Amino acid sequence: MPAPRKLPDAFFARPDVVTIAQELIGKYFFTSFDGILTGGMVVETEAYSGDNDAACHAHLGRRTKRTQIMYEHGGVAYVYLIYGIYSLFNIVTNTEGTADAVLIRAIEPTEGLEEMKLRRGLDKIETRLTAGPGLVTQALGISTHHNGTHLQGSEIWFEDHGKVIPEEEIVAGPRVGVAYAGADALLPWRFSLKGSKWVSKAKPKY
DNA sequence: AGTATGATCCAT
DNA sequence: TGGATCATACTG
């Protein structure tokens with residue numbers, strides 16, 4: 001087993017956001033705040049592809065205060081508040097000027113389980129710990145304050161543990177919560193690890 | 001300045 | 001099936 005290595009900017013700066021979303025399954029996602037390490041293995045992601053994707057916040061080249069971070073060079077965090085309650089964490093991908101991103105929807109927890117349980121307000125470790133995009137951020141202590149954080153720093157980063165996930169172990173399907181996006185809602189841009197109990201329970205509607 | 005709406009989650 | 005709860009984005 002090779003030593004874990006931090007995923008470099010070059011991993012996220014590639015042009016195909018769908019491939020990046022798929023390859024992130026099996027990688028590791030960590031945060032370290034105040035010396036507390038939390039995180040685990042990525043088991044569910046979604047790709048959002050810039051101005052030609054009706055489900056993407058930057059659809060039709062929309063540039064607002066919220067979306068401007070999406071146009072940065074790959075390798076920084078895009079964190080936004082949804083429904084007034086949950087912070088959703090994305091990785092900006094591709095090069096400067098394009099607005100692609102990958103949403104992290106679920107992880108299999110491996111580090112800091114007790115702390116994550118505490119942050120989530122649960123009394124025992126269960127799949128609700130990190131199975132859902134709003135739950136992952138809560139468990140890892142991520143909020144909108146972390147928007148724009150560089151993923152090579154000491155607070156939020158990804159690692160490759162040399163784990164190889166065969167393609168047949170990855171399930172592709174339509175994204176969750178984007179029914180308003182018309183035909184683009186049908187794109188199979190949600191990826192999850194087959195059989196993992198840590199994948200979110202949410203199901204896309206048509 | 002007002003308003004509608006969500007890349008969600010959970011209890012009912 | 002709806003309520004929580006508010007930043008964002010769009011309208012006038």
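We name chains A, B, ... by the order of the sequence lines, and we start the count at 1 in each one. Everything numeric in this text was worked out from a predicted model, so none of it was measured.
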**Complete:** Across all chains, not counting sequence neighbours, the salt bridge (charged side-chain N to carboxylate O under 4.0 Å, His left out) partners of A/Arg119 are A/Glu115
**Prompt:** Taking protein heavy atoms under 4.0 Å as touching, what does nucleotides 7-12 of chain C look like 5' to 3' if B marks base contact, S marks sugar-phosphate-only contact and - marks none?
**Reply:** SSSS--
**Item:** Non-neighbouring partners of A/Lys117 that pass salt bridge (charged side-chain N to carboxylate O under 4.0 Å, His left out), sequence neighbours left out
**Value:** A/Glu114
**Centroid distance under 5.5 Å and plane angle under 30°, A/Tyr83 vs C/dA4** = no
Would you list the atom pairs, donor with acceptor, under 3.5 Å between side chains in residues 167-174 of chain A and any protein atom, with sequence neighbours excluded?
none

**Message:** Taking salt bridge (charged side-chain N to carboxylate O under 4.0 Å, His left out) as the definition, give me every residue that meets it alongside A/Arg14, ordered by chain and number, with sequence neighbours left out.
**Reply:** A/Glu23
**Prompt:** Mind checking what makes ring pair (Phe, Tyr, Trp, His ring centres under 6.0 Å) contact with A/Phe12, not counting sequence neighbours?
**Reply:** A/Phe158
**Request:** Under the salt bridge (charged side-chain N to carboxylate O under 4.0 Å, His left out) rule, collect the residues that match up with A/Arg63, sequence neighbours excluded.
**Result:** none
**Request:** Test A/Ile25 against A/Val43 for side chain to side chain contact (heavy atoms under 4.5 Å, CB included), laying out the working first.
**Result:** CA-CA 5 Å; A/Ile25 302 294; A/Val43 297; 5.6 Å; no
**Request:** Give one of base, sugar-phosphate or nothing for A/Ile82, where a contact means two heavy atoms less than 4.0 Å apart.
**Result:** sugar-phosphate
**Request:** Using a 4.0 Å heavy-atom cut-off across all strands, classify A/Leu103 as base, sugar-phosphate, or nothing.
**Result:** base
When the side chains of residues 99-112 of chain A are checked against the rest of the protein, which donor-acceptor pairs come out under 3.5 Å, sequence neighbours left out?
residue: A/Asp100; atom: OD1; partner: A/Gly50; partner atom: N; Å: 3.1
residue: A/Asp100; atom: OD2; partner: A/Asn94; partner atom: ND2; Å: 3.0
residue: A/Arg105; atom: NE; partner: A/Glu44; partner atom: OE2; Å: 2.9
residue: A/Arg105; atom: NH2; partner: A/Ser200; partner atom: OG; Å: 3.3

**Message:** Over 60° means perpendicular and under 30° means parallel, so tell me whether A/Trp157 and A/Phe30 are parallel, tilted or perpendicular.
**Reply:** tilted
**Atom pair distance, as rounded to whole Å: CG in A/Asn147 and C1' in B/dA7** = 15 Å
**Message:** Please report the distance separating the P of C/dG2 from the corresponding atom of B/dT5, rounded so that it comes out in whole Å.
**Reply:** 15 Å
**Request:** Could you tell me whether the phosphate oxygens of C/dC6, OP1 or OP2, come under 4.0 Å of any side-chain nitrogen or oxygen in A/Tyr80?
**Result:** no
**Item:** Pairs touching residues 98-146 of chain A that satisfy ring pair (Phe, Tyr, Trp, His ring centres under 6.0 Å), sequence neighbours left out
**Value:** A/Phe33-A/His146
**Fill in**
With both pairing distances under 3.5 angstrom for Watson-Crick or G-U wobble, and | for a partner in another strand, the correct string for DNA chain C is ||||.||||||.
Give each protein N/O atom lying under 3.5 Å from an N/O atom of nucleotides 9-12 of chain B, with the pair distance.
residue: B/dC9; atom: OP1; partner: A/Gly132; partner atom: O; Å: 3.4
residue: B/dC9; atom: OP1; partner: A/Pro133; partner atom: N; Å: 3.0
residue: B/dC9; atom: OP1; partner: A/Gly134; partner atom: N; Å: 2.9
residue: B/dC9; atom: O4'; partner: A/Tyr86; partner atom: OH; Å: 3.2
residue: B/dC10; atom: OP1; partner: A/Arg120; partner atom: NH2; Å: 3.1

**Request:** Enumerate the residue pairs fulfilling ring pair (Phe, Tyr, Trp, His ring centres under 6.0 Å) with a member in residues 84-115 of chain A, sequence neighbours excluded, ordered by first and then second residue.
**Result:** A/Phe29-A/Phe89
